[in-house]
Amino acid sequence: MNRTLIKDLTHHLDEQVTIQGWLQTLRDQKNMQFLIVRDRTGLVQVTHWKKGNPGLAELISGVGTESALTLTGKVVKNDVVKLGGIEIQLEDLKVESAAEIPLPFEPFGEYLPEQDFRMDWRYLDLRREVNQLIFEVQTTAEQAMREYWLEHNFIEIHSPKIVGAPSESGAELFTLPYFEKTAYLAQSPQFYKQMAMAAGFENVFEIGPVFRADPSFTSRHMTEFTGVDMEMSWIDSHEDVMAFMERWLAYTYEKVAGKHGEAIKETLGVELEVPSVPFPRIKMADAHKLLKEIGYKLPPDKLHDLDPGAERAIGSYFKEKEGHDYVFVTDWPFEARPFYHMVDPADRTTRSFDLLGKGLEVSTGAQREHRYAVLRDQALAKGLTEEPIQDYLNFFKYGTPPHGGFGFGLSRFLMILLDLPNIREAVYIFRGPTRLTP
RNA sequence: GGGGGCGUGGUGUAGUGGUUUAACAUGCGGCCCUGUCAAGGCCGAGAUCGCGGGUUCAAAUCCCGUCGCUCCCGCCA
């Protein structure tokens with residue numbers, strides 16, 4: 001099979017070609033049949049003069065839209081044709097796989113079913129151009145991230161997703177029967193990437209699944225998502241992590257904008273702007289002052305934290321003030337952070353940050369506490385006991401460099417990048433508290 | 001887990017107490033017309049209005065319960 005892609009048809013004028021794709025529209029007339037055929041690269045009109053081949057005409061009449069076809073014919077220039085000014089004069093057609101009639105919904109209709117229904121028929125939903133673009137962008141973004149890491153001597157790791165002990169709070173863990181024991185699905189690669197620091201890998205990254213048993217019903221939570229994690233050694237503070245991260249992210253934007261900028265603008269109406277480096281930074285204490293100034297009232301139980309409304313307020317403040325989509329909120333109080341974040345002796349804040357993108361929390365990072373005794377004491381201060389985290393604490397017994405890193409949500413990043421209103425549009429298959437299929 | 005909203009043919013909507021044999025669009029089936037191109041025209045099938053109970057002479061419409069979906073909050077990426 002010598003398949004020609006639809007986007008390349010203009011290079012084959014007056015030649016016989018074979019194309020493969022889906023029937024998007026059939027206009028079945030008295031004398032002529034017009035088939036609009038789609039592959040990943042575009043659309044083309046295929047014409048058939050019925051009297052030339054009545055048998056073929058009959059076959060075509062019975063083909064449902066979205067059937068998978070192989071078509072052979074001659075490419076001709078025809079200015080009358082509104083779709084690209086070319087058409088294929090059909091000679092042969094093979095129905096590789098007929099689509100049942102009717103379809104559950106029309107992926108290319110003038111309106112879309114509600115999201116939950118589209119999720120039921122995700123493979124049809126994904127046929128839409130915008131969805132193909134989203135995952136092309138994701139592919140390019142991940143490649144750019146890897147490129148940047150590899151240029152900076154990072155090692156890729158794949159940490160286990162079946163774990164024997166909680167890696168952080170112990171909440172939000174899925175349990176799993178494991179022979180005679182109970183295991184858990186990893187809620188984070190946190191401990192394992194720190195283990196790589198103890199192992200002398202110096203710089204590591206991992207892109208992999210993360211599981212959270214939190215029954216969260218929002219447009220930005222999933223029970224399984226792809227975590228983008230990295231950890232780097234020999235840092236002085238969280239500032240080193242942020243400085244790396246913003247360049248890494250700007251590099252990713254450059255690559256995505258270069259490859260898909262036009263398509264993104266055309267299909268999604270979003271003008272990609274590569275964020276300038278450095279990103280704005282604001283310390284948590286100052287963020288609280290800022291919120292007071294701009295009149296955002298935090299609930300009383302949020303004295304050491306931010307709520308989503310505050311994050312959106314801070315995001316739009318920096319967008320307006322500095323024209324920046326991203327802002328680091330740094331130096332969080334220990335009360336709002338996990339035990340392994342390093343506490344700065346100067347002001348008792350942690351050397352940590354959240355990265356907000358368009359007001360959405362997309363990443364959390366920190367310098368980690370690498371001193372065994374201090375780490376143990378911080379765990380105890382959080383009410384943890386040593387026993388379940390002893391394996392983790394042991395990482396810091398035999399020479400572990402100062403280090404830090406971040407976790408970053410891949411789908412949340414796509415939401416921010418492409419202005420998607422719901423994380424379910426930014427992930428291949430959504431997993432939520434009540435969504436286990438397809 | 002707490003709170004709000006929604007649930008009407010396959011799909012998207014209209015209808016918020018009686019004039020509704022539930023309307024419109026799209027899709028589906030049939031016929032007609034035509035090198036069509038967001039094709040057009042005519043006809044047709046398709047919903048006991050999520051489910052259960054109640055109020056009323058009368059319920060898609062009001063009330064209660066329940067289920068489903070959804071958004072917000074909590075929590076986080």
Side-chain angles (χ1 to χ4, degrees), chain A residues 24-36 43-50 61-62 64-66 76 78-87 89 99-121 124-125 168-169 171-172 187-190 207-229 298-299 301-302 305-312 336-338 354-357 360-365 406-416 421-424 426-427 432-435:
Chain A
Q24 185 154 324
T25 303
L26 171 63
R27 287 191 271 276
D28 195 351
Q29 303 188 162
K30 190 176 189 181
N31 301 310
M32 299 288 297
Q33 289 167 319
F34 300 93
L35 301 85
I36 308 302
L43 295 167
V44 69
Q45 172 166 294
V46 178
T47 59
H48 181 238
W49 183 52
K50 290 168 102 169
S61 293
T65 51
E66 293 304 313
V76 297
N78 186 344
D79 294 331
V80 174
V81 179
K82 292 180 180 172
L83 188 59
I86 61 164
E87 64 184 6
Q89 293 173 340
E100 283 187 26
I101 299 170
L103 294 162
F105 74 98
E106 297 88 51
F108 300 90
E110 49 184 74
Y111 49 72
L112 286 172
E114 66 176 53
Q115 192 174 59
D116 189 59
F117 187 86
R118 284 188 285 120
M119 295 290 127
D120 288 338
W121 303 95
L124 291 179
D125 189 38
E168 295 191 25
S169 58
E172 58 186 39
Q187 70 192 142
S188 159
Q190 182 61 34
I207 299 177
V210 174
F211 305 92
R212 302 277 165 94
D214 242 13
S216 286
F217 298 93
T218 77
S219 57
R220 59 186 187 280
H221 285 87
M222 301 189 277
T223 48
E224 174 179 352
F225 63 92
T226 301
V228 177
D229 277 85
L298 271 172
D301 59 323
K302 287 283 182 182
D305 207 341
L306 298 175
D307 68 358
E311 292 173 345
R312 288 189 288 269
R337 292 312 220 191
D354 272 11
L355 179 64
L356 308 180
L360 176 66
E361 190 176 331
V362 68
S363 178
T364 297
F406 63 79
F408 175 93
L410 182 63
S411 297
R412 284 194 179 180
F413 171 62
L414 283 170
M415 287 175 75
I416 296 162
N422 193 304
I423 202 158
R424 283 158 233 196
V427 67
T434 61
R435 172 59 77 169

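Just so you know, these numbers come straight off a predicted model, no measurement behind them. Numbered from 1 within each chain, the chains take letters A, B, ... in sequence-line order.
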Would you indicate whether the side-chain heavy atoms of [Y] and [X] approach each other to under 4.5 Å?
X: A:Leu298; Y: A:Asp307; answer: yes
X: A:Phe225; Y: A:Arg212; answer: yes
X: A:Trp121; Y: A:Leu103; answer: no

Consider the side chain of [X], meaning its heavy atoms from C-beta on, and name the nucleotide among [options] that approaches it most closely.
X: A:Arg412; options: B:G10, B:A77, B:G74; result: B:A77
X: A:Asp116; options: B:C69, B:C73, B:C76; result: B:C69
X: A:Phe217; options: B:A39, B:C71, B:C76; result: B:C71
X: A:Glu172; options: B:G27, B:C75, B:C72; result: B:C75
X: A:Lys82; options: B:C75, B:A77, B:A38; result: B:A38
X: A:Pro102; options: B:G27, B:A77, B:G1; result: B:G27

Should the side chain of [X] and the base of [N] be counted as holding a donor-acceptor pair, with the cut-off at 3.5 Å?
X: A:Gln115; N: B:U70; answer: no
X: A:Glu114; N: B:G12; answer: no
X: A:Tyr111; N: B:U11; answer: yes

- Message: Do A:Gln24 and A:Thr65 pair up side chain to side chain, a donor and an acceptor below 3.5 Å, judged on atom types alone?
- Response: no
Touch check for [X], heavy atoms < 4.0 angstrom, all strands: base, sugar-phosphate only, or nothing?
X: A:Val362; value: sugar-phosphate
X: A:Val210; value: nothing
X: A:Arg424; value: sugar-phosphate
X: A:Phe117; value: sugar-phosphate
X: A:Leu112; value: sugar-phosphate
X: A:Glu311; value: base
X: A:Thr364; value: sugar-phosphate
X: A:Pro104; value: sugar-phosphate

Any [X] side-chain nitrogen or oxygen under 4.0 Å from OP1 or OP2 of [N]:
X: A:Asn78; N: B:G35; answer: no
X: A:Arg118; N: B:C69; answer: no
X: A:Arg220; N: B:C71; answer: no
X: A:Arg212; N: B:G74; answer: no
X: A:Thr434; N: B:C69; answer: yes
X: A:Ser219; N: B:C71; answer: no
X: A:Asn422; N: B:C71; answer: yes

Provide, to the nearest angstrom, the distance between the [atom1] atom belonging to [X] and the [atom2] atom belonging to [N].
X: A:Gln29; N: B:A39; atom1: CD; atom2: C1'; answer: 7 Å
X: A:Asp120; N: B:U11; atom1: CG; atom2: P; answer: 10 Å
X: A:Asp79; N: B:G35; atom1: CG; atom2: P; answer: 19 Å
X: A:Arg27; N: B:C37; atom1: CZ; atom2: C1'; answer: 4 Å
X: A:His48; N: B:C37; atom1: NE2; atom2: P; answer: 20 Å
X: A:Asp28; N: B:A39; atom1: CG; atom2: P; answer: 14 Å
X: A:Ile36; N: B:A39; atom1: CD1; atom2: P; answer: 8 Å
X: A:Leu103; N: B:U26; atom1: CG; atom2: P; answer: 17 Å

Using the [atom1] atom in both, what is the distance from [N] to [M], to the nearest Å?
N: B:U61; M: B:C6; atom1: P; answer: 14 Å
N: B:U8; M: B:U48; atom1: C1'; answer: 12 Å
N: B:G50; M: B:C32; atom1: C1'; answer: 41 Å
N: B:C62; M: B:U16; atom1: P; answer: 10 Å
N: B:G5; M: B:U19; atom1: C1'; answer: 32 Å
N: B:G54; M: B:G44; atom1: P; answer: 39 Å
N: B:A22; M: B:G9; atom1: C1'; answer: 10 Å
N: B:A45; M: B:G30; atom1: P; answer: 15 Å

Should the pair A:Phe117 and A:Phe105 be assigned to parallel (<30°), tilted (30 to 60°) or perpendicular (>60°) ring geometry?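 Perpendicular: the ring planes of A:Phe117 and A:Phe105 meet at over 60°.
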Return the 5'-most residue of the pair A:Lys30, A:Phe105 with respect to RNA chain B, ranking by each residue's nearest nucleotide.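 Looking at RNA chain B, the more 5' nearest nucleotide goes with A:Phe105.
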Most 5' of A:Asp354 and A:Pro113 on RNA chain B, judged by nearest nucleotide
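Counting from the 5' end, the first nearest nucleotide belongs to A:Pro113.
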In Watson-Crick or G-U wobble terms, both distances under 3.5 Å, what is the partner of [N]?
N: B:A14; value: none
N: B:G68; value: B:C6
N: B:A59; value: none

Taking A:Arg220 for the side chain and A:Ile423 for the main chain, is one N or O donor matched with an acceptor at less than 3.5 Å?
->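 No, A:Arg220 side chain to A:Ile423 backbone: no donor-acceptor pair under 3.5 Å.
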>> Does this structure show an ion pair linking A:Asp305 with A:Arg337, if we count only N-O contacts that are shorter than 4.0 Å?
In response: no
Discussion item. Under 4.0 Å between a side-chain nitrogen and a carboxylate oxygen: does that hold for A:Asp116 and A:Arg435?
Written reply: yes
Give the C-alpha distance, both sets of side-chain angles, the deciding distance and a yes or no for side chain to side chain contact (heavy atoms under 4.5 Å, CB included) between A:His221 and A:Arg412.
CA-CA 9 Å; A:His221 285 87; A:Arg412 284 194 179 180; 3.4 Å; yes
- Message: Tell me whether the ring of A:Phe225 lies stacked over the B:A77 base, given a 5.5 Å limit on centroids and a 30° limit on the plane angle.
- Response: yes
